[in-house]
Every structure is written in structure tokens, then in C-alpha cells.
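Reviewing the structure listed below.
Whatever order the structure lists them in is the order used to number ligands and atoms, beginning at 1.
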Amino acid sequence: MSERPLKVALLGCGVVGSEVARLMTTTADDLGARIGARVELAGIAVRRLGRARDLPVDPALFTSDAHELVSRPDVDVVVEVIGGIEPARSLILAAMENGASIVTANKALLAEHGAQLHAAAEKHGVDLYYEAAVAGAIPLLRPLRESLVGDKVKRVLGIVNGTTNFILDRMDSTGAGFDEALDEATELGYAEADPTADVEGFDAAAKAAILASLAFHTKVTAADVYREGITQVSASDVASAREMGSVVKLLAICEVDEARESVTARVHPAMLPRTHPLAGVREAYNAVFVESEAAGRLMFYGPGAGGTPTASAVLGDLVAVCRNKVNGGRAPAVSAYADLRVSAMGEARTRYHISLDVDDKAGVLAQVALIFAQQDVSIQTVRQSGRGEDARLVVATHVATDAALSGTVERLRALPTVRAVASVMRVEGE
Ligand SMILES: NC(=O)C1=CN([C@@H]2O[C@H](COP(=O)(O)OP(=O)(O)OC[C@H]3O[C@@H](n4cnc5c(N)ncnc54)[C@H](O)[C@@H]3O)[C@@H](O)[C@H]2O)C=CC1
Ligand SMILES: N[C@@H](CC=O)C(=O)O
Ligand code: NA
């Protein structure tokens with residue numbers, strides 16, 4: 001055991017930070033034995049001093065000056081769990097310049113400034129780990145960064161946002177309303193400080209960017225990811241999916257097209273048959289499939305959000321970077337050598353499920369079918385049910401480019417015999 005303890009500066013003491021502080025303190029002996037040196041908190045930066053906190057830590061550790069804390073000469077590691085871009089980015093860069101290794105849970109920051117942060121880590125010879133940033137407690141980034149680095153990943157598909165999965169699950173299983181389910185998810189500590197990031201898909205898009213970057217060795221930022229959240233998913237979308245033996249899930253899908261030397265990354269709600277393994281992912285759990293050339297299909301499943309599970313991933317990273325400090329090693333570098341083109345959503349190949357309210361008269365089905373044919377979209381099934389004056393047409397398509405499918409919907413909307421496009425949902429997993 002090394003004589004000198006390693007000093008850790010903790011930035012942020014909210015849902016995740018408070019659990020990191022608690023676990024660091026209560027499991028200090030085990031952590032020390034695993035690292036080969038004791039780990040001690042150098043300080044905990046908070047926004048407001050004087051707030052009552054039920055934590056087993058010395059109150060003198062709290063400071064409201066995060067910049068001063070990361071610049072202290074005795075700080076070996078900085079754990080950033082403030083969230084957001086600034087001041088998190090400047091604090092991390094200052095800490096690296098000061099020789100500290102970094103553990104962060106900040107997907108928003110990594111998805112926008114990952115390249116800059118990795119370059120700074122290289123320059124200053126420090127580590128940058130962020131397992132908690134994607135899929136909470138589930139070990140996913142380390143497997144992509146290390147275990148699967150000898151393989152060729154082709155596709156990453158999964159549920160990476162706990163809050164939206166919790167909301168969709170509640171809507172499906174109890175018929176709860178959107179707002180009520182969101183309040184519950186916030187109460188349980190799953191939602192971001194601004195839950196718009198969750199429900200509008202920004203959080204999942206940031207995670208998709210991180211996953212695509214690591215999986216395909218290419219720089220992918222949040223702005224490259226096609227994004228739709230769940231605010232447009234209605235109770236009737238969830239109910240009609242249920243009638244058809246399906247569920248609605250918010251999915252993140254990252255794919256490589258080797259022939260075209262390009263990647264796509266997208267986040268949107270999709271219908272999945274109830275028999276699909278992702279359909280059984282309940283509450284705030286996450287699950288991600290990684291498909292690679294040699295390994296085949298791997299599934300990662302577990303708690304994707306919440307203070308304690310997320311703190312587990314943070315502490316795993318903390319032990320890794322502390323071991324490197326003790327033994328003199330460094331984390332393997334993250335490269336973007338493949339430098340693939342990031343293609344637009346229109347090029348992605350998807351399938352649609354479209355419900356139309358149409359005039360119930362002769363020739364309407366033929367008009368609708370003609371529009372699909374003109375866009376080169378092949379129909380898999382059509383169901384029609386008369387309802388008096390109008391009829392409901394439910395069309396499931398075969399795979400086509402998303403551009404052709406969305407073009408089809410646009411033309412259907414303009415057709416005089418189509419009274420309304422009641423619902424459009426992408427379909428995955430059959
Ligand atoms: N809550 C969760 O389930 C998960 C959260 N994360 C990520 O972990 C990070 C933290 O998330 P939460 O703990 O949920 O957020 P939170 O909002 O509960 O905690 C953030 C804390 O940072 C403090 N803070 C803000 N500015 C500060 C400053 N300049 N100096 C010191 N403290 C400051 C806030 O007062 C707040 O207490 C975010 O990046 C989030 O995306 C990642 C995985 C799961
Ligand atoms: N708000 C996020 C927290 C974990 O990353 C989520 O709901 O998944
Ligand atoms: Na993780």
C-alpha cells in the first residue's frame with residue numbers, strides 16, 4: 001500500500017455526487033485495498049454552502065469555489081458530476097492542466113467537446129473516464145473502448161434513457177399520463193436537471209454520439225445525431241401499439257455502412273413487438289445490443305439512471321484512474337482514425353407504421369397504394385376498418401430509406417381523400 005493517499009476533488013453534490021461521496025467514505029477501506037493507496041476527498045464543490053446534507057463527510061470539505069479546488073497542487077483526481085457544458089468544461093481542462101485525471105458522468109459535455117477533452121488528456125498525460133455518462137451503472141463504454149477494440153462493431157441499438165423508458169413504461173402498463181410519469185421519474189432522481197433533455201431526446205442523442213464515436217472510431221457529436229423525443233407520443237399511440245402486440249420505446253441506433261464508408265446515429269420512438277428483448281425493459285432500466293463482426297450480438301442490461309447505480313460506475317472509473325496513478329500507467333487512447341462520414345437521417349433504412357383516416361369510398365385504397373409505389377416504398381400489410389363516414393387504414397411498410405418513407409407521409413397528408421394522418425411510428429425489431 002502506497003504511503004501517500006490519493007486526493008479526490010468532487011465537483012457537484014446532487015443526486016449522483018452525494019452518492020459518490022457516501023460510497024467513497026463508507027467503502028474507503030475496500031477501495032484503498034483495490035487501488036493500492038488510500039483515496040481521500042480533498043474537497044466537495046457545491047453551488048450553495050450551508051445546505052443541510054445528510055452525508056458521512058467532514059463539513060469542512062465543502063467549498064463553493066470549484067476553480068480553486070481543481071487547482072490545488074495535491075489533487076490527483078477530479079470527479080465531475082455538475083453536468084452541463086460550463087463551468088464543467090473549463091474546470092476539467094484546468095484540472096487536467098494541473099495533472100489530475102478525470103472521471104465524469106457528463107454526456108452532454110462529452111458529446112459536444114469529447115475530442116477537445118481527449119486531446120487535452122493526451123497532452124497532459126492524464127486519464128479521462130466516463131462510464132457513468134452512458135447507460136448509468138451498466139458497463140458499456142469500457143467494453144467498447146477495451147474489450148471489443150479488437151473486433152469490428154457494426155451496430156449499437158438500445159434504450160439509453162431511463163426517464164423516457166420510465167414514462168413510456170408507465171403509460172403502457174398503468175395508463176398513467178405523461179406529466180404524472182415524468183414527475184415520478186424526477187422524484188426518483190432519474191431525470192436531468194432540465195428534464196427537457198430527457199423527453200426531447202437530447203440526453204439519448206448525446207449518449208448515441210458517445211457510443212457511435214467509440215464503436216466506429218469516428219468523431220460523432222450530438223449535432224450529428226438525428227433526434228426525436230417522446231413528447232409527440234400520445235396515449236393513443238401507446239394504446240394502438242398495445243393492441244397490435246407491440247410497445248413504444250425511445251431507441252438509440254448507431255450503424256455503420258462499410259460500403260459507403262459512413263455511419264448514422266439516430267434517436268427516435270419506435271414500435272417493437274412485445275416478444276423483442278428490448279420490449280421487456282421496464283422502468284428506468286436500460287439495455288443495449290452491440291453487434292460486431294466476430295463476437296456477434298451482445299446484450300448489456302441494467303439500471304440506467306439513479307444516484308446509487310450511477311455512483312457505482314463513477315467509482316469503477318475512480319478505481320481505474322487511481323490504479324493508473326499508483327502504477328504509472330494510462331488508459332488506452334480513444335482514437336477517431338476511421339474518420340467515417342456521418343450521413344443524414346434520410347439515408348437510414350427504416351420501416352414505418354402509418355395510421356390514416358380516409359374517406360370510406362371506392363378507389364381510396366388504390367390512391368394510397370399508388371403514393372407508396374411512387375416513392376418506391378413496398379407495403380408489407382394493410383388493414384382497413386370502416387367506421388361509418390370514414391375508414392381507418394393501417395399500413396406497415398417494408399424497409400426503405402427514411403427519406404422515401406417521410407416523403408410518402410408528406411404526400412399522403414396532401415391527398416384530399418386522406419382526412420388525417422393519425423399516427424406515424426417507425427418500427428424496429430421484426
Ligand atoms: N441522475 C442520474 O441518474 C444520472 C446523471 N448523470 C449525469 O451526472 C451528472 C450529475 O447529474 P445529477 O447528479 O443527476 O444532477 P443534479 O442536478 O442532481 O446535481 C448537480 C449538482 O451540481 C451542482 N452545481 C451546479 N453548478 C455547480 C458549480 N459551479 N459548482 C459546484 N456545484 C455545482 C448543483 O447545485 C447540483 O447539486 C450530469 O452530468 C448527469 O447528466 C449520468 C447518469 C445518470
Ligand atoms: N436522465 C438520464 C440519467 C442517466 O443518464 C436518464 O434518464 O437516463
Ligand atoms: Na455505463
Side-chain angles (χ1 to χ4, degrees), residues 9-21 43-49 51 53 62-70 78-92 103-111 129-145 158-168 182 185-207 210-211 214 229-230 250 252 267 281 283-288 300-317:
L10 177 61
L11 310 182
C13 195
V15 171
V16 179
S18 55
E19 286 309 303
V20 170
I44 305 174
V46 294
R47 195 153 38 185
R48 271 174 297 129
L49 283 173
R51 244 190 70 192
R53 294 170 209 270
F62 290 100
T63 168
S64 58
D65 192 345
H67 282 279
E68 186 276 331
L69 177 59
V70 300
V78 168
V79 174
E80 184 276 310
V81 279
I82 290 175
I85 306 298
E86 286 297 349
R89 187 180 70 112
S90 317
L91 288 166
I92 288 176
V103 175
T104 174
N106 193 333
K107 48 270 165 125
L109 179 62
L110 261 302
Y129 270 73
Y130 42 94
E131 182 58 72
V134 182
I138 308 171
L140 177 60
L141 301 190
R142 205 91 64 83
L144 280 172
R145 209 167 147 170
I159 295 165
V160 294
N161 182 269
T163 302
T164 47
N165 200 59
F166 185 90
I167 295 170
L168 293 171
L182 173 58
T186 305
E187 184 65 26
L188 289 164
Y190 303 146
E192 293 301 300
D194 174 4
T196 314
D198 296 295
V199 297
E200 295 292 2
F202 290 102
D203 178 80
K207 291 165 175 168
I210 295 170
L211 288 170
L214 293 177
I230 63 162
L250 185 71
V267 165
V281 177
E283 307 219 310
Y285 281 79
N286 286 185
V288 178
F300 298 81
Y301 171 81
T308 313
T310 306
S312 160
V314 170
L315 287 190
D317 283 353

Looking only at protein heavy atoms, identify the closest one to atom 3 (O) of ligand 1 and say how far it is in Å. Gly306 N, 2.6 Å
Under 4.0 Å from any heavy atom of Ala305, which atoms of ligand 1 are there? 3 (O)
Go through ligand 1 atom by atom and flag the ones less than 4.0 Å from a non-hydrogen atom of Thr310. 3 (O), 4 (C), 42 (C), 43 (C), 44 (C)
Which residue and heavy atom of the protein sit nearest atom 29 (N) of ligand 1, plus the separation: Pro87 CG, 3.5 Å
Just to confirm my output: which protein heavy-atom neighbour is closest to atom 8 (O) of ligand 2, and how far is it? Gly162 N, 2.6 Å
Roughly how far, to the nearest 0.5 Å, is OG1 of Thr186 from CG of Asp198? 7.5 Å
Checking a contact table here: which protein heavy atom is nearest atom 5 (C) of ligand 1, and how many Å away? Val16 CG2, 3.7 Å
Quick check on Gly136 - does any of its heavy atoms sit under 4.0 Å from an atom of ligand 1? no
Atom 34 (C) of ligand 1 sits nearest the protein heavy atom Arg47 NH2, 3.8 Å
Non-hydrogen atoms of Pro143 and Glu131 that approach each other most closely: CD-OE1, 4.2 Å
Calculate, to the nearest 0.5 Å, the distance between atoms CZ and CZ belonging to Phe62 and Arg53 respectively. 5.0 Å
Nearest heavy-atom contact between Ala135 and Asn286 is CA-OD1, 3.3 Å
Near Glu192, which atoms of ligand 2 are under 4.0 Å from a heavy atom of that residue? 1 (N), 2 (C), 3 (C)
If the cut-off is 4.0 Å to any non-hydrogen atom of Ala132, which atoms of ligand 1 fall inside it? 42 (C), 43 (C)
Close-contact set for ligand 1 against Gly14 heavy atoms, below 4.0 Å: 13 (O), 18 (O), 19 (O), 21 (C), 37 (O)
Using a strict 4.0 Å cut-off to heavy atoms of Val81, name the atoms of ligand 1 that fall inside it. 10 (C), 20 (C)
For the 3.5 Å polar cut-off, considering only N or O atoms, please tell me whether Gly189 and ligand 1 meet it. yes
Going by heavy atoms, is Gly136 under 4.0 Å from ligand 2? no
Atoms of ligand 2 less than 4.0 Å from Asp198 heavy atoms? 1 (N), 2 (C), 6 (C), 7 (O)
Is Ala193 in polar range of ligand 1, meaning some N or O pair under 3.5 Å apart? no
Is the shortest N/O to N/O distance between Glu192 and ligand 1 below 3.5 Å? yes
Taking only residues at least two apart or on different chains, which pairs with a member in residues 308-317 satisfy salt bridge (charged side-chain N to carboxylate O under 4.0 Å, His left out)? Arg142-Asp317
Nearest non-hydrogen protein atom to atom 7 (O) of ligand 2, with distance, is Thr163 OG1, 2.6 Å
Subset of ligand 2 atoms that lie under 4.0 Å from at least one heavy atom of Tyr190: 1 (N), 2 (C), 3 (C), 6 (C), 7 (O)
Could you work out, with side-chain contact (heavy atoms from CB on, under 4.5 Å) as the rule, every residue matching Asp65, not counting sequence neighbours? Thr63, His67, Glu68
Near the Na ion (ligand 3) (under 3.0 Å) - protein N, O or S atoms: Glu131 O, Glu131 OE2, Val134 O, Gly136 O, Ile138 O
Check whether any N or O atom of Lys107, backbone or side chain, sits under 3.5 Å from an N or O atom of ligand 1, and answer yes or no. yes
Applying side-chain contact (heavy atoms from CB on, under 4.5 Å), name anything that partners Ala88, two or more places apart in sequence or on another chain. Glu80, Asn106, Leu109
Show the atoms of ligand 2 that are less than 4.0 angstrom away from any heavy atom in Asn161. 2 (C), 6 (C), 7 (O), 8 (O)
At less than 4.0 angstrom from any non-hydrogen atom of Lys207, what atoms of ligand 2 do you find? 2 (C), 4 (C), 5 (O), 6 (C), 8 (O)
What's the shortest distance from atom 7 (C) of ligand 1 to any protein heavy atom, and which residue and atom give it? Ala105 O, 3.3 Å
Within a distance under 4.0 Å of any heavy atom of Lys107, pick out the atoms of ligand 2 and give their elements. 2 (C), 3 (C), 4 (C), 5 (O)
I need the nearest protein heavy-atom contact for atom 25 (C) of ligand 1: residue, atom name and distance, please. Ile82 CG2, 3.5 Å
Quick one: are Val288 and Ile138 in side-chain contact, heavy atoms under 4.5 Å? no
Name the option, out of Gly83, Ala45, Ala137, that contains the heavy atom nearest to atom 38 (C) of ligand 1. Gly83
Should the pair Arg145 and Tyr129 be classed as cation-pi, given the thresholds of under 6.0 Å to the six-membered ring centre and 45° from the axis? yes
Shortest non-hydrogen contact between Ala137 and Pro309, atoms and distance: CB-O, 3.2 Å
Decide yes or no for Leu250 and Asn165: does some side-chain heavy atom of the first lie under 4.5 Å from some side-chain heavy atom of the second? no
Is Val46 in contact with ligand 1, taking contact as a heavy-atom separation below 4.0 Å? yes
Nearest non-hydrogen protein atom to atom 23 (C) of ligand 1, with distance, is Gly12 CA, 4.3 Å
Atom 18 (O) of ligand 1: nearest protein contact (heavy atom, Å): Val15 N, 2.9 Å
Got a protein heavy atom sitting under 4.0 Å from atom 15 (O) of ligand 1? no
Within reach of ligand 2, part of Asp203 (heavy-atom separation under 4.0 Å): side chain
